[in-house]
Every structure is written in structure tokens, then in C-alpha cells.
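Worth knowing before you read on, the calculation uses all heavy atoms, side chains too, and leaves out hydrogens, waters and symmetry mates. Heads up: numbering here begins at 1 and tracks the sequence.
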Amino acid sequence: MSDLPSEIRMTHDIARHLRHLPPEDAAEQIATHLRKFWAPRMREALIERVRDGDDRVDPLVVSAVHDYLAGDIDRAEVAEPSGG
């Protein structure tokens, strides 16, 4: 079991799955995922870690958080209902 906080551990998994994409596309997809699926409390915890410069946060996730804060997300994807 990892000692990493859940928001860092989860974003490591997401970044690993999207690393095959160009970095800009991967960051946008991560930002979209954060908006669509993460609870506000989890997003805020991750944003706080990025703002504090926590070096455990993957650089791709740092880019994604900046995209999220700038509103650079796939709004059509966010509007789509998730499968279930």
C-alpha cells in the first residue's frame, strides 16, 4: 500500500494511462476527468498540493490542474452522461 495521499496516487494512475498521448492532449483529458468525475473536495485537495509545489504530483497532472483552473476542458465530454 502506498503512503501517497489518495489524490496523488489516483492522478499517477490516470497520468500513466494517458502518457501515450501528446502532453497537451493528455493534460486536457486529465483536466476533463477531474471536472467530470472527481468530487469538489478531492479537486480542491489536488489543487492545493499543486499550488504548494508538492513535488510528488506528476508534472503532467500539474499541467492538467492549470488547464482545469483555466477552464481548458472538453465541455462536450463533461456534458455526456458517464457509462455505468
Side-chain angles (χ1 to χ4, degrees):
M1 180 150 272
S2 173
D3 290 339
L4 290 174
S6 60
E7 62 273 8
I8 294 177
R9 189 178 65 252
M10 291 168 59
T11 57
H12 282 187
D13 291 341
I14 296 166
R16 186 174 59 250
H17 289 290
L18 295 174
R19 199 147 324 267
H20 68 282
L21 297 173
E24 303 81 25
D25 295 341
E28 181 184 317
Q29 285 195 26
I30 294 168
T32 300
H33 180 87
L34 295 174
R35 173 61 182 88
K36 186 170 182 176
F37 296 108
W38 280 39
R41 175 186 56 82
M42 289 291 288
R43 286 194 303 259
E44 286 303 317
L46 179 61
I47 290 167
E48 185 175 329
R49 290 188 184 283
V50 169
R51 285 185 174 149
D52 288 346
D54 190 327
D55 63 356
R56 298 174 297 175
V57 179
D58 186 290
L60 185 56
V61 174
V62 172
S63 294
V65 167
H66 291 296
D67 283 358
Y68 171 80
L69 292 172
D72 293 337
I73 59 172
D74 183 342
R75 295 189 185 287
E77 175 62 30
V78 170
E80 284 292 316
S82 37

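Distance check, rounded to the nearest 0.5 Å: CG of L46 to CG of L34 gives 6.0 Å. Between the CD1 atom in I47 and the NE2 atom in H66 there is a gap of 10.5 Å [rounded to 0.5 Å]. Note that CG of D74 is 10.5 Å distant from CG of D25, once rounded to the nearest 0.5 Å. Note: H20 NE2 to L18 CG = 6.5 Å, rounded to the nearest 0.5 Å. Put simply, CZ on R41 and CD on E7 are 8.5 Å apart, with the number rounded to the nearest 0.5 Å. Distance check: E24 CD to L60 CG gives 9.5 Å after rounding to the nearest 0.5 Å.
Judged purely by atom type and a 3.5 angstrom limit, D52 has no side-chain atom pairing as donor or acceptor with the backbone of D54. Without hydrogens or angle criteria, H12 side chain to R56 main chain gives a donor-acceptor distance under 3.5 Å.
Across I30 and A15, no two heavy atoms sit closer than the pair CD1-CA, 4.1 Å. Taking every heavy atom of both residues into account, A31 and A64 meet most closely at CB-O, 3.4 Å.
A side-chain hydrogen bond (donor to acceptor under 3.5 Å, both in side chains) check over residues 29-39, counting only residues at least two apart or in different chains, returns the pairs K36-E77.
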Can you list the steps and then say if V61 with R49 is a side chain to side chain contact (heavy atoms under 4.5 Å, CB included)? CA-CA 11 Å; V61 174; R49 290 188 184 283; over 6 Å; no
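For the salt bridge (charged side-chain N to carboxylate O under 4.0 Å, His left out) test, no residue two or more places apart in sequence or in another chain qualifies with D67.
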